[in-house]
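Here the structure is a predicted model, which is why all the values come from computation and not from measurement.
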Amino acid sequence: MTSALDVDQDRTGHGRGVAAHPGVLGAIAGIVGGAAFGAAMADLGALPSVASIVRADSPSVGLAVHMTIAALVGAGFGLLMANQRQDASDTLFWGLSYGAAWWFLGPLTLLPFLTGRPPAWDLAAAQRAVPSLFGHLLFGVVTALALAVLRRTGDRPRVAWRPAVTMGELSRGALAGAFAALGIALLVPDNLSPAAALGGTGWGRTLAVGVLVGVGFAFLSPHPPERGGPALVRGSAYGFLWWVMGTLTLVPLLSGDGLAWSLEATRERFPAFPGLILLASTAGVWFSWLGRAATALFSDDVRRAEGEGPGTRGLRAIGRGVLAGLAGGLVFTVLMIQIGYLPTVARLVGAGSPSAGLVVHLLISLVIGVSYALLFRGRSFDSGSALGWGVTYGFLWWVLGALTLLPLLLGGQPQWNVTAVVATFPSLVGHLAFGGALGLTYRRLETASGPWWISRTDGEAAQAFERRQLALGSAPAVWALVVLMAVTVPLIIA
């Protein structure tokens with residue numbers, strides 16, 4: 001017989017040993033992540049700067065200081081994740097966000113303070129610290145994966161072990177990645193395809209990269225898989241991971257060129273950034289849609305039947321999306337007038353006046369609002385989640401719209417280069433503001449008219465449960481990571 005002191009039951013149905021404290025597990029994981037980061041720092045010659053904390057300049061002293069800090073930071077991560085879900089995918093995205101946060105807190109803030117200098121909060125200092133940003137992201141990834149392994153090996157399952165991903169999910173991921181890769185290949189020339197960024201061109205390599213990205217997304221998808229909108233946003237964060245760990249790290253290392261973490265190398269490889277974001281986010285949506293189609297075709301479960309038909313729910317969502325898109329479009333209009341961007345939008349219909357541009361802009365805003373409603377219906381449980389989904393969706397439309405579709409519709413090619421990022425940075429700010437207003441307005445409209453057959457008490461209880469599940473997962477970390485890459489990457493490479 002197993003006593004309560006030996007095992008307690010976690011929310012995934014696995015028994016959890018009591019021997020290891022979350023902070024201890026985090027410290028061990030931090031040492032593993034610190035070793036990976038330390039190897040990169042040694043390769044880049046950055047260890048003496050860490051040694052300056054203790055008034056030394058030896059690389060060996062720097063490594064010792066670095067590993068001590070890594071253990072402490074890892075312990076903090078273990079404590080942070082103590083009450084979160086145990087899924088490796090959720091832990092990974094939290095690790096990425098945690099590593100990014102420590103880039104701001106460490107080399108830009110604490111390191112200058114400890115060495116008698118003012119905080120490095122200016123753009124030039126951030127650009128000099130670009131290699132450190134990618135190193136901190138690497139630290140976050142490795143630490144998160146190590147912590148996930150440590151927590152899993154410490155579990156004592158009471159139920160039969162379940163594989164992290166099924167063959168059906170892997171197959172669905174491969175198909176989703178292939179569909180996404182083909183769609184991107186039809187939009188962009190070979191030299192801009194994600195396959196080109198990862199080592200080759202052509203339809204065969206394009207499909208291979210798409211399948212690889214899709215299978216990876218299946219591994220990083222929670223159980224049960226998310227609906228279309230959340231999967232889309234998770235995919236964008238996943239695409240950023242591919243850019244950092246693939247294009248800037250593994251591909252140059254395997255080719256013998258060393259880490260491509262310098263500012264110049266990052267600028268040179270920036271064209272892969274939009275392509276991988278679009279590929280991974282599109283694969284996420286396809287993965288969700290294929291899963292829902294399989295459920296609809298092969299599931300006999302009728303316990304979740306609702307009192308309102310899907311057609312009625314869809315029409316109500318579309319109506320809310322139209323109003324929310326109009327609200328977001330009006331917020332964006334203020335910025336577009338200030339930067340004189342409306343005539344550019346008017347060129348989509350062969351005109352050039354600001355009034356024509358305003359009409360086209362508002363029509364596009366309505367379409368985006370409807371798409372948001374269909375993708376994120378019922379996914380906002382408070383103002384924070386509404387803002388998170390909305391802002392991240394606005395960033396995706398900057399990549400898809402300002403950098404990709406707008407140049408294509410005007411007769412050119414996707415503008416996936418540093419010059420275009422500088423030129424469209426005001427548009428990025430506008431898209432983020434548009435997304436925030438869109439998400440908040442849609443949330444307000446959705447909560448204002450709840451289904452009549454659900455009592456207010458039951459509705460509030462359901463909302464509280466869903467909000468709790470959202471917080472236990474990686475959605476907040478994904479929102480933070482997308483906002484980070486939306487603001488930081490364009491600024492530091494410009």
* Near-ring test H361/F332, centroid separation under 6.0 angstrom -> yes

* Provide the closest heavy-atom pair for G246 versus P252 in the form atom of the first, atom of the second, distance. => O-CD, 3.8 Å

* If we only count heavy atoms from C-beta on, is the R316 to R377 side-chain gap below 4.5 Å? -> no

* May I ask you to test the T247-V251 pair for a side-chain heavy-atom distance under 4.5 Å? => no

* Asked: Any side-chain heavy-atom pair from F93 and P476 closer than 4.5 angstrom?
  -> no

* Check step by step if ring-ring contact (aromatic ring centres under 6.0 Å, His included) holds for H431 and F395. => CA-CA 6 Å; H431 277 86; F395 166 72; 9.6 Å; no

* To do: Using a 4.5 Å cut-off on heavy atoms from C-beta on, say whether the side chain of V489 contacts that of W243.
  => yes

* Asked: Do W389 and Y393 have a side chain donor and acceptor closer than 3.5 Å?
  -> no

* Asked: Can you find a heavy atom in the side chain of D43 that is under 4.5 Å from one in the side chain of L259?
  -> yes

* Pairwise side-chain contact, V345 with L348, heavy-atom cut-off 4.5 Å (strictly under) -> yes

* To do: Please test L440 against S383 for side-chain contact (heavy atoms from CB on, under 4.5 Å), starting from the C-alpha separation and ending with a verdict.
  => CA-CA 6 Å; L440 290 172; S383 296; 4.1 Å; yes

* Between V367, I368, L374, which is the residue that forms a side-chain contact (heavy atoms from CB on, under 4.5 Å) with V370? -> L374

* **Carboxylate-amine/guanidinium contact D90 R234, below 4.0 Å** => yes

* Side chains of D87 and S89, donor plus acceptor under 3.5 Å -> no

* Between R85 and T91, does any side-chain donor sit less than 3.5 Å from a side-chain acceptor? -> no

* Structure fact -> Nearest heavy-atom approach of L150 to A29 is CD1-N, 4.0 Å

* To do: With the side chain counted from C-beta on, respond yes when L432 and L428 share a heavy-atom pair under 4.5 Å apart, and no when they do not.
  => yes

* Atom of A437, atom of V331 and distance for their closest heavy-atom approach -> CB-CG2, 3.8 Å

* **Heavy-atom closest pair, residues L396 and S236** => CD2-CB, 3.6 Å

* Asked: After noting the C-alpha distance and the side-chain angles of F134 and T266, does the key distance pass the side-chain contact (heavy atoms from CB on, under 4.5 Å) rule?
  -> CA-CA 10 Å; F134 299 128; T266 303; 3.4 Å; yes

* S97 and W102: side-chain contact (heavy atoms from CB on, under 4.5 Å), yes or no, with the steps? -> CA-CA 9 Å; S97 295; W102 268 100; over 6 Å; no

* Asked: So, do F376 and Y442 have ring centers that fall under 6.0 Å from each other?
  -> no

* Asked: Among pairs that include at least one residue of residues 408-429, which meet ring-ring contact (aromatic ring centres under 6.0 Å, His included), considering only residues two or more places apart or in two chains?
  -> none

* Nearest non-hydrogen partners of G325 and L438, listed with the distance -> N-CD1, 3.6 Å

* Exercise: do W261 and T249 side chains pair donor with acceptor under 3.5 Å -> yes

* **side-chain hydrogen bond (donor to acceptor under 3.5 Å, both in side chains) partners for W103, two or more places apart** => none

* Given side-chain contact (heavy atoms from CB on, under 4.5 Å), test W242 with I277 step by step and report yes or no. => CA-CA 9 Å; W242 265 96; I277 296 292; over 6 Å; no

* **Contact summary for G177 and L279, nearest pair of heavy atoms** => O-CD1, 4.3 Å

* When rounded to the nearest 0.5 angstrom, what distance separates CG in L138 from CG in L96? -> 10.0 Å

* Heavy atoms, side chains only, cut-off 4.5 Å: are F270 and N417 in contact? -> no

